[in-house]
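Have a look at the structure below before the remarks.
Everything numeric here is computed off the predicted structure, so don't read it as measured data.
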Amino acid sequence: MSAPAAMTYDATHHVRDHCLCLHAQRAARVLARRFDEALRPVGLTNSQFSLLNALNRPAAASIGDVARLLGADRTTLTAALKPLVRDGLALISPDTADRRARRLALTPEGRERLAQALPIWTALHAQVEAELAPDQPETLRRGLRDLAAPAPDPC
């Protein structure tokens, strides 16, 4: 096996300037901080708002369904649920069809907190979109959805 090529400073700049993952992570961190700050008055973080929103459905959801929607693994989702359950905003209950499985749901308090947070999210979201060129928000959403879409099953 030959020795790997030396990593040049030019290569470092190329990665810095072109890495989609780096740019997505930086943007996500900046956006998360903005939404965390905005949602602080209702006692939620951006991640908690997204999780409560994912639980806002007519029937309790499976852990797997919510994890897929949020792009999280089940362990991370379970950890993120703990403070919401502790604060009475979400419930984890046994699945009636399979007692080994768990279902996730909002409590009435969780629905109320989500309703309090929605106008804050809506206003900041409109502000963020206004900072972009008119066609950029939908182009960005489409590109991010495409990247997050599960790969087709090869079988």
Side-chain angles (χ1 to χ4, degrees), residues 1-57 61-92 102 104-107 109-154:
M1 179 187 285
S2 62
M7 183 69 176
T8 65
Y9 195 52
D10 287 341
T12 297
H13 282 193
H14 177 81
V15 170
R16 178 200 64 198
D17 296 342
H18 294 88
C19 180
L20 292 173
C21 189
L22 171 64
H23 290 288
Q25 288 171 332
R26 288 178 63 195
R29 287 183 188 111
V30 168
L31 286 171
R33 281 193 297 269
R34 287 178 72 177
F35 280 92
D36 284 347
E37 181 65 31
L39 293 167
R40 185 172 289 127
V42 293
L44 293 175
T45 65
N46 171 59
S47 294
Q48 290 170 330
F49 173 82
S50 295
L51 180 47
L52 290 176
N53 194 62
L55 298 179
N56 189 31
R57 2 174 130 210
S62 73
I63 290 176
D65 286 345
V66 175
R68 276 187 294 282
L69 174 68
L70 297 175
D73 61 68
R74 294 167 64 98
T75 303
T76 301
L77 174 58
T78 301
L81 280 164
K82 286 180 182 179
L84 298 175
V85 170
R86 179 197 66 222
D87 294 345
L89 303 177
L91 284 173
I92 302 173
R102 299 286 178 254
L104 311 176
L106 286 178
T107 64
E109 295 84 0
R111 285 188 196 289
E112 176 59 28
R113 185 78 61 91
L114 188 57
Q116 292 170 355
L118 183 59
I120 297 167
W121 177 89
T122 301
L124 181 53
H125 197 270
Q127 181 182 345
V128 168
E129 284 201 8
E131 294 170 12
L132 299 170
D135 63 327
Q136 281 185 313
E138 189 51 41
T139 301
L140 180 57
R141 268 189 291 276
R142 188 173 40 255
L144 292 171
R145 276 193 303 264
D146 289 350
L147 287 172
D153 188 349

Roughly how far, to the nearest 0.5 Å, is [atom2] of [Y] from [atom1] of [X]?
{"X": "Leu91", "Y": "Leu55", "atom1": "CG", "atom2": "CG", "value": "9.5 Å"}
{"X": "Thr45", "Y": "Leu84", "atom1": "OG1", "atom2": "CG", "value": "7.5 Å"}
{"X": "Asn46", "Y": "Arg40", "atom1": "CG", "atom2": "CZ", "value": "12.0 Å"}
{"X": "Leu39", "Y": "Leu118", "atom1": "CG", "atom2": "CG", "value": "10.0 Å"}
{"X": "Lys82", "Y": "Ile92", "atom1": "NZ", "atom2": "CD1", "value": "8.5 Å"}
{"X": "Thr78", "Y": "Ile63", "atom1": "OG1", "atom2": "CD1", "value": "4.5 Å"}

Provide the closest heavy-atom pair for [X] versus [Y] in the form atom of the first, atom of the second, distance.
{"X": "Gly43", "Y": "Arg113", "value": "O-NH1, 3.6 Å"}
{"X": "Arg68", "Y": "Asp65", "value": "NH2-OD1, 2.6 Å"}
{"X": "Ala38", "Y": "Ile120", "value": "O-CG2, 3.2 Å"}
{"X": "Leu114", "Y": "Asn56", "value": "CD2-CB, 3.7 Å"}
{"X": "Val42", "Y": "Ala117", "value": "CG2-CB, 3.9 Å"}
{"X": "Leu52", "Y": "Gly110", "value": "CD1-O, 4.4 Å"}

| field | Set of residues satisfying side chain to side chain donor-acceptor pair (under 3.5 Å) with respect to Gln136, sequence neighbours excluded | value | none
Distance-only donor-acceptor pairs under 3.5 Å for side chains of residues 19-31, two or more places apart:
unit_1 : atom_1 : unit_2 : atom_2 : d
His23  : NE2    : Arg16  : O      : 3.1
His23  : NE2    : Asp17  : O      : 3.3

| query | Among pairs that include at least one residue of residues 3-12, which meet side chain to side chain donor-acceptor pair (under 3.5 Å), considering only residues two or more places apart or in two chains? | reply | Tyr9-His13
| Which residue pairs pass the side chain to side chain donor-acceptor pair (under 3.5 Å) test with at least one member in residues 137-148, sequence neighbours excluded? | Glu129-Arg141, Glu138-Arg141, Glu138-Arg145
| field | Partners passing side chain to side chain contact (heavy atoms under 4.5 Å, CB included) against Thr76 (at least two apart in sequence or in another chain) | value | Asp73
| query | Looking at residues at least two apart in the chain, or sitting in another chain, which of them share a side chain to side chain contact (heavy atoms under 4.5 Å, CB included) with Ala54? | reply |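 Side chain to side chain contact (heavy atoms under 4.5 Å, CB included) check on Ala54 returns Val66, Leu69, Leu70.
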| query | Taking NZ, NE, NH1 and NH2 as the nitrogens, is one of them in Arg33 or Asp36 under 4.0 Å from a carboxylate oxygen of the other? | reply | no
| Residue pair Arg34 / Gln127, side-chain heavy-atom distance below 4.5 Å |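 Yes. Closest side-chain heavy atoms under 4.5 Å.
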| field | Phe49 and Trp121, any side-chain heavy atoms less than 4.5 Å apart | value | yes
